[in-house]
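Numbered from 1 within each chain, the chains take letters A, B, ... in sequence-line order. We use all heavy atoms of the structure for the numbers below, so side chains are in, but hydrogens, waters and symmetry mates are not.
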Amino acid sequence: MSKVLVVAEHDGSVLNPSVAKVVACAASIDSAEIEVVVLASNVGAIAQEAAQLEHVSRVLTIERPENDYAIAAVLAPQIVAMCSDYTHVFGPSSTYGKDVMPQVAALLGVNQVSDIMAVIDSHTFKRPVYAGSGLATVETPADSIVIGTVRIASYSSVAEGNSASIESVDVAVELPTHTRFIELKSGASDRPDLQTSAKVVAGGRALGSEDNFELIYKLADKLGAAVGASRAAVDAGYVPNEVQVGQTGKIIAPDLYIAIGISGAIQHLTGIKDAGTIVAINKDEEAPIFEVADIGLVADLFNAVPELTEALD
Amino acid sequence: MEKILVGLKRVVDYNVRVRVKNDGSGIETDGVKMSINPFDEIALEEALRIKERGEASEVIVISVGPSEAQQQLRTGLAMGADRAILVESATPVDPLSVARIFKTIIDRDGIDLVLLGKQAIDNDNSQTAQMLAAIWGRPQATFASQIDMQGDKARVTREVDVGLEVIEIDLPAVISVDLRLNEPRYVKLPDIMKAKKKPLDQVALDEFDIESAPAIKELTFEPPAERERGVMVNDVAGLVAALKDKGLA
Ligand SMILES: Cc1cc2nc3c(=O)[nH]c(=O)nc-3n(C[C@H](O)[C@H](O)[C@H](O)COP(=O)(O)OP(=O)(O)OC[C@H]3O[C@@H](n4cnc5c(N)ncnc54)[C@H](O)[C@@H]3O)c2cc1C
């Protein structure tokens, strides 16, 4: 029988929505028992949230001042010290999970399965390679612990309403001080979150300036959508890095994705493969984005976008 | 700081449209253009800039891969690296073993900073840097978009999901780099000539006394579900109607 430990991502006070999706992945392993571990300086509210997730049988907490901010070299040895009873340790394939999980794997002397998108059985998984141009079915050694990150766009959140028990655990490991958090510069806005929003309006290089991106924001506001961008738009400084969609940005699965002035490079498309409906507005009818768009409009965005915003009342 | 080690992986060039082989046994790599993993090229560029500012004295490039990876190492030497190490293996090597090989070189040559790409664009694993930091017991700064060397410390800006995070790390350390860190230089012809005279050490993988890691087996490959080309609308009114039709507006 499988016993899965899920490492809970959080921001110090709130559980990250990715956790409910990692639990969903874990729950797709036959008859798995699922526990969640919260490492924080103040575990209270975060653990409460985790305990509400369906399928979770127990929430374990490690409360230490060193866990105030997520530092891989600090978190990994604590996870390693308490995971010997588990067959699997899973984390999200977010920057949080990508930072810490390979450290856990290396300390345990195993390789990691990155970006799990489907569970075939307890030791066989599907994962994307080459920016999603191929899907590999991989098998981990039967006799060793499985360390994995979960591609969160591949899973729907488990329901809430559970009330799992919460227990604190002590891990007696010495923690390094060689890595120090200085600051977080976040473009935090009131707009819907890119990773969880049902609708996303994204702009590309064609916008031409930070000011012109206002067109994207206006349309997004009208639709109640989050804002995304191509790498070219981020590189040019029109928008902050956290809104980049694609292989090296965010992998998202909204119901509606509107790509405006984005050519549709493979590295961009890999971020929207699971979107419900893709709409493309581009002035070049040959743009590769039209090959994957459900609805395409060949038009100059500087005319079409204001007109669309106006028409959506 | 003395020495910087940079990993260069030989991968299918990012402009190639890769295809899964018809029999599902792998990805078609016959006759396709191979290049340095783009993230690794950025790591090398950063190492060279650090050296050119007088903050390091030697840049060493290393590749674990087939004999043909010499080409990528020569390109690295032409960009400005001082010497190269090829750890030769005809078959792919798993990330933990690569990390263990890097660790052996670190212990042998006394490395102060390791710069790696944040992921390789073939397997997209994003593991090697983190694994190396863990087994070395040294700091890691992943997904770097800015690196400021400050004597025996570095201040690194990281691209994380919620924005930009700044951390301070003690050296020696491992940094994995993201795309916005810099724009790699172009190699000039005279540099290619000069690079031919720079040392390139070739060592067989089995000369390394590393513990072998249980590898994850790749059983089969399949192409992703194709998205179908949808409908084209003629104007904004048509677009609005199509959205309403799907209940999306
Ligand atoms: C290793 C690697 C990783 C990468 N990761 C990512 C990633 O995560 N995300 C990502 O997005 N990219 C990524 N890229 C970059 C990617 O290859 C493309 O360069 C990028 O997506 C292009 O952005 P774009 O579509 O905005 O720009 P362009 O390709 O320049 O496209 C602009 C489009 O706008 C159209 N246009 C111009 N003017 C107008 C107008 N007035 N009205 C309407 N349309 C107009 C043009 O026809 C064109 O199709 C990566 C690249 C590499 C090498």
What's the verdict on side-chain contact (heavy atoms from CB on, under 4.5 Å) for B:Asn125 and A:Arg127, showing C-alpha distance, side-chain angles and the deciding distance?
CA-CA 10 Å; B:Asn125 270 323; A:Arg127 61 172 304 265; 3.3 Å; yes

Could you go through the side-chain hydrogen bond (donor to acceptor under 3.5 Å, both in side chains) check for A:Ser114 and B:Gln127 one step at a time?
CA-CA 8 Å; A:Ser114 298; B:Gln127 298 179 13; 2.8 Å; yes

Please lay out, stage by stage, how B:Glu222 and A:Lys126 fare under the test salt bridge (Lys or Arg N to Asp or Glu O under 4.0 Å).
CA-CA 10 Å; B:Glu222 63 197 280; A:Lys126 270 192 198 181; 2.9 Å; yes

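Between chain A and the options B:Lys244, B:Arg138, B:Lys153, heavy-atom pairs under 4.5 Å are most frequent for B:Arg138. Per-residue heavy-atom pair counts under 4.5 Å with chain B were compared for A:Val279, A:Val129, A:Leu256, A:Leu135, and the maximum is reached by A:Leu135.
Below 4.5 Å, heavy atoms of chain A meet heavy atoms from B:Arg17, B:Val18, B:Val20, all part of residues 15-25 of chain B.
Neither the backbone nor the side chain of A:Ala299 comes within less than 4.5 Å of any heavy atom in chain B.
If you check the side chains of B:Gln140 and A:Gln103, you find a donor sitting under 3.5 Å from an acceptor. Defined by atom type and a distance below 3.5 Å, a donor-acceptor pair is present between the side-chain atoms of B:Asp124 and A:Gln247.
Taking the side chain as every heavy atom from C-beta outward, B:Met232 and A:Val298 approach each other to under 4.5 Å.
Of all heavy-atom pairs between A:Ile295 and B:Leu239, the closest is CG2-CD1, 3.6 Å. Here the closest non-hydrogen pair linking B:Met131 and A:Asn111 is CE-CA, 4.0 Å. Counting all heavy atoms, side chain and backbone alike, A:Asn241 lies closest to B:Arg180 at CB-NH2, 3.8 Å.
Crowding of A:Glu183 atom CD: a count of heavy atoms from other residues, nucleotides or ligands under 6.0 Å exceeding 12.
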